[in-house]
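Below: the structure, in structure tokens.
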Amino acid sequence: MPWRVKSGLAAARARGKVLGRQPGQRPKSDRLAPKVLALAAAGRSYRLIGRELGLSKNTVAAILKRARDGSAAGPGDGRNAP
């Protein structure tokens, strides 16, 4: 990366700008998260939960991972924290 780009990014960071891709909205998965957690606690597989609720198994896994990590809150999940 050229030095001008690096210095520009460093200056933006110093001003408090949050860099990188911002987390998106997850209205459907946030709405269905309690159902996913209940079905997972009952011992259902990710694929079966996804099939029942109309989600992909990867979305089910992401919901359960967020719940495990304790960051089931919204967009400010700390991934791009300064």
Trace of the side-chain contact (heavy atoms from CB on, under 4.5 Å) decision for L53 with R31: CA-CA 11 Å; L53 300 178; R31 187 180 70 240; over 6 Å; no
K28 side-chain N/O to G54 backbone N/O, donor-acceptor pair under 3.5 Å: yes
In one Ile/Leu/Val/Met/Phe/Trp/Tyr side-chain cluster, 4.5 Å: V5, L19: yes
Pairwise side-chain contact, L32 with T59, heavy-atom cut-off 4.5 Å (strictly under): no
Selection residues 34-51 - residue pairs positive for salt bridge (Lys or Arg N to Asp or Glu O under 4.0 Å), sequence neighbours left out: R44-E52
Nearest-0.5 Å distance, CG of residue N58 to NZ of residue K65: 13.0 Å
Any side-chain heavy-atom pair of V60 and L39 under 4.5 Å: no
Counterpart residues, side-chain hydrogen bond (donor to acceptor under 3.5 Å, both in side chains), relative to S45 (two or more places apart): none
Sub-4.5 Å side-chain heavy-atom contact between I49 and L55: no
